[in-house]
Structure formats: structure tokens, C-alpha cells
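Computed from a predicted model, the values in this text were never measured in an experiment.
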Amino acid sequence: MATLITMPGVAAGNDAAQILSWLKKEGEAVNLNDELLEVETDKAVVEVASEASGTLARILVPAGQSAEVGAPIAVILAAGEGDAELQAALADIPQAAAAAPAVVEPTATTTTSATPAAAPVAPVSNVAAAAHTGRIFASPLARRLALEAGLNLATINGSGPHGRIIKNDVLKAQAQPAPAVASAATAAPTAASNAAYTAQPHSAMRRTIARRLTESKSTVPHFYLQAECRVDALLALRAQINQTASQKVSVNDLIVKAVAVTLQAMPEMNVSWTDEALLQYHDVDISVAVSTDSGLITPVVRNANNLSLSALSQNVRQLAERARDGKLQPHEYQGGSFTISNLGMYGVQNFAAIINPPQAAILAVGAAERRVIAEGDDMVIAQMLSMTLSVDHRAIDGALAARWLARFKETLEAPLSILI
């Protein structure tokens, strides 16, 4: 019996995903659980296994295009089946989906000049559909995003099956410039449009970063605390460990462990804000910011307070490698109660980071630098580390955050406590 392959729900909160590549070609034999295709979510690339054995008879959504979760993307024929069974399977697909399988957006890079191209024929607007039926078809996530952005769903054209509005339709509508209300207002954009440029379509990850950070800065009341920490003892401890350890530990590993130890000692900082209650987490799960070619992602080190330094270091290294390869699974980047962002390796002295919702705090770590400081009545040269704690004032008061930062500083300056 022919098997209709549909776009899987590869990540929580996603209503669509982009197919990066098909690992099997049309006409090629496929076994159950063979890797069939690679799908890009808003956070990672996920390999999808085949749901059946047979022959990949038809690819309905080519690589580079997106489809809504649940939309048909391919047909696999069992042994002995042929064109008749393929046509029967295709006949079972709704006509709109078969003709245009829930394509969300093109991914090709386009070079644009000042000369406008001929405008494509616009799809039927949901305004007319709403006026006729009184109902607008949209995914729950699309409805929520439209509500947050103040957009009227009736003015958005859906690209999902049967014209259903999905997440990327709302994001496209948000990206559209507001219509001009006066000729003077259009002068600057018209002048800017004369410059040649290359339009590079946003990846799903880049769109998510833009949406979440905009939401965070717009809705979360940030406040910031800065501190400087003397890390001579920390660097000496690291050097001593790395002389005998089979696996080298980094300064960031020690910082992650110190954050975990301090959160365990002060669990009132290990929280998230919700409108109904303040959530205090039982586990210390630390998100570590990792820069990739696609954007920033924060894999999570689970139960970091209970891990040995060597186990934590190995965990961080493996997660970072999987993040850069785009191979993180959803459970590896979802959750977390506190984030660390370290730009010290780039020589950045200090910076302030944006909180990663629904977390309530993020620690921004700069580079360790040799500076002249006062020690008693003497001037000495010491290794100093600058850090900035960004805090959600709804969940954490200033005095509590200050006590936590002071305790964290004490832990770094007496680092043997990290190993106990």
C-alpha cells in the first residue's frame, strides 16, 4: 500500500519547516527508518527517518521549500506497486495541497536593482474570504503572533493548505513597510531603493532570533548590574587542572559551573515569571550561548550543579559542536533557567545581553584582562574579568540580584569551592 509522507512536527511551537535536502532520490529504494530528508526548524537541522519501506516514488515538496506540519511532502510505494497506486495516493491529497504543497517561502538569494520586476498575480485576500464566510483559517501560532504584532488576520494572505495562514505569513506581514500616508514620507525610502543590493532570505533561526529578542526587549523590564572579578586564582586553577586532565577545561566551563553552584545556593534566583505565578525551578539547567553560521542558539546543560567539572566540560563541548553542525535535537535547546553569554574570546571587555524568555536572567561575560588595581596600600597587576547581569525585574528584585552577583564573584575568586 502506498504511504503518504507528511511534514513531521519536528519542534514544539513550529507550524511549518523548511526542507534543506532530500537524502533519497525519486525512484530510489528506501527502508524503514532510513534517513529520508533534512528539515530546518527555527533552531536546528533535523534528520527525518522514513516511515515505510519501498520506493520513493514522488517528492511533492522539493528541497529549499517549506511546508506546514502535516502537509504531504512525498509518496513511498511498497514493493510491487506502480503508477496506478501512485496516482491513487495522489488523488487522496486535497487538490490545493497537491498543486502547491504548502509552500511557505522561497529560499534563493536574489539580487535586486532599482528596476522593479513585473508584479506577480496576488493570491485571493482573506478579506474577501472573511466577508464571505465569516471565518479565517489560521494556525494557533499564527493567530498568537498576529495578536502580539497588532495585525489583522483578514489582511494576511495564507500560504498553507487551502489558504491557511501560518507563522511565516504573519512574519512576512510584519516585515512589510507601513503604507505611505504622505508624499514627504516616501522620499527617503525611494532614494534608498535606488541602491543595488542583494536580498538574502531570512533563515527560520534568524526570524526566531529577531522575534524573540524584540519580544524580550519590548515586554521584559530589564535592569543591569555590573561587577569586576579578580580571576588570578581561577586561571591558576584551570592551568593546574589542564596539566593532568585528559580533557582540557576552558574558562567558560569554570564560569558555567560557578553559575550553577551559585544558583543552587540561591534558588530564589532560579526562577521564571508567568502571569499566574513565579516558577522556581528544582533543577539548575544552564543555557550556554553558541554562535553558529545561522545565528545564535542556546543549548542547555541539564542539572549543571550535579555534574563534575570534567563531565560539564564534555557536555558543553558536545552541545556546541552539535549546535554548529545544526544537529541539535529540540530537547537539547528547549528549556533552561539561566543563560550565559561569553564574548571574552573576542576581546570584548564588557557588554549587556538581552534576556532569553521565559528565563529571568542572563550573565554577559567579557575578557579577562591584566589591569593595575589597589591591594591594600600597594598597586599590583591582576587579571580582571568584567561581567554584566541582565535581570527581569518582574521576577527578581535588585537587592536579590545584587546578592547573587556578589556571591558569584566570591565563588570565582575562591574557585576551589567549584570543585567541592
Check whether any side-chain N or O of [X] sits under 3.5 Å from a backbone N or O of [Y] as a donor-acceptor pair, and report yes or no.
| X | Y | answer |
| --- | --- | --- |
| Glu410 | Arg407 | no |
| Asp34 | Leu36 | no |
| Glu332 | Val300 | no |
| Asp283 | Asp285 | no |
| His222 | Asp392 | no |
| Lys257 | Leu307 | yes |
| Asn242 | Val249 | yes |
| Asn306 | Asn303 | no |

Check whether any side-chain heavy atom of [X] lies under 4.5 Å from a side-chain heavy atom of [Y], and answer yes or no.
| X | Y | answer |
| --- | --- | --- |
| Pro221 | Arg394 | yes |
| Met7 | Glu68 | no |
| Leu385 | Val365 | yes |
| Leu309 | Ile241 | yes |
| Leu296 | Thr292 | no |
| Leu254 | Arg238 | yes |

Handout entry: Residues Asp325, Lys327; criterion salt bridge (Lys or Arg N to Asp or Glu O under 4.0 Å); working and verdict
Key = CA-CA 5 Å; Asp325 292 339; Lys327 300 298 184 182; over 6 Å; no
Problem - Audit row: Ser313, Asp253, side chain to side chain donor-acceptor pair (under 3.5 Å) steps and yes/no - result: CA-CA 6 Å; Ser313 176; Asp253 296 333; 2.7 Å; yes
Exercise for the section: Have a look at Val30 and tell me which of Leu56, Thr3, Thr55, Leu23 forms a side-chain contact (heavy atoms from CB on, under 4.5 Å) with it. Expected result: Leu56
Exercise for the section: Run the numbers on Arg211 and Ser216 for side chain to side chain donor-acceptor pair (under 3.5 Å), then give the verdict. Expected result: CA-CA 9 Å; Arg211 176 179 59 81; Ser216 177; over 6 Å; no
Approximate separation, where rounding is to 0.5 Å, of [X] [atom1] and [Y] [atom2]:
| X | Y | atom1 | atom2 | answer |
| --- | --- | --- | --- | --- |
| Thr214 | Ile209 | OG1 | CD1 | 11.0 Å |
| Ile396 | Trp273 | CD1 | CH2 | 12.0 Å |
| Leu4 | Ile76 | CG | CD1 | 10.0 Å |
| Leu405 | Thr262 | CG | OG1 | 9.5 Å |
| Ile354 | Ile362 | CD1 | CD1 | 8.5 Å |
| Thr298 | Gln334 | OG1 | CD | 10.0 Å |

Practice task
Could you tell me which residues satisfy ring-ring contact (aromatic ring centres under 6.0 Å, His included) with His331, sequence neighbours excluded, listed by chain and number?
Solution key: none
Practice task
Output all residues satisfying ring-ring contact (aromatic ring centres under 6.0 Å, His included) with Phe351, sequence neighbours left out; order by chain, then residue number.
Solution key: none
Practice task
Consider only side-chain N and O atoms of Thr339 and Gln359, and report whether a donor and an acceptor are under 3.5 Å apart.
Solution key: yes
Exercise for the section: Classify the side-chain pair Ser272/Tyr281 by whether it contains a donor and acceptor separated by less than 3.5 Å. Expected result: yes
Practice task
Would you check, one step at a time, whether the test salt bridge (Lys or Arg N to Asp or Glu O under 4.0 Å) holds for Lys409 with Glu228?
Solution key: CA-CA 8 Å; Lys409 177 179 176 180; Glu228 288 192 344; over 6 Å; no
Exercise for the section: Evaluate the criterion side-chain contact (heavy atoms from CB on, under 4.5 Å) for residue pair Gln18 and Leu20; output intermediate values, then yes/no. Expected result: CA-CA 6 Å; Gln18 177 180 309; Leu20 281 188; 3.6 Å; yes
Exercise for the section: Apply the test side-chain contact (heavy atoms from CB on, under 4.5 Å) to residues Leu319 and Val301: give CA-CA distance (whole Å), side-chain angles for both, the deciding distance (0.1 Å), then the verdict. Expected result: CA-CA 8 Å; Leu319 287 171; Val301 181; 4.1 Å; yes
Practice task
Evaluate side-chain contact (heavy atoms from CB on, under 4.5 Å) for Met266 paired with Leu400, printing each intermediate quantity in order.
Solution key: CA-CA 9 Å; Met266 297 182 63; Leu400 171 59; 3.8 Å; yes
Practice task
Would you check, one step at a time, whether the test side-chain contact (heavy atoms from CB on, under 4.5 Å) holds for Leu90 with Leu60?
Solution key: CA-CA 10 Å; Leu90 295 176; Leu60 302 176; 3.8 Å; yes
Practice task
Hey, can you tell me if Trp404 and Phe408 have their rings parallel, tilted or perpendicular (30° and 60° cut-offs)?
Solution key: parallel
Exercise for the section: Give a yes or no on whether Arg230 atom CZ has more than 12 heavy-atom contacts from other residues, nucleotides or ligands under 6.0 Å away. Expected result: yes
Practice task
Assess whether side chain to side chain donor-acceptor pair (under 3.5 Å) is satisfied between Glu38 and Ser21, documenting all intermediate values.
Solution key: CA-CA 5 Å; Glu38 291 182 322; Ser21 66; 2.9 Å; yes
Handout entry: Heavy-atom pair with the smallest gap, counting every atom of Pro62 and Ile19
Key = O-CB, 4.2 Å
Exercise for the section: Could you check Glu268 against Gln280 for side chain to side chain donor-acceptor pair (under 3.5 Å), going step by step and ending with a plain yes or no? Expected result: CA-CA 7 Å; Glu268 59 271 32; Gln280 183 169 310; 5.9 Å; no
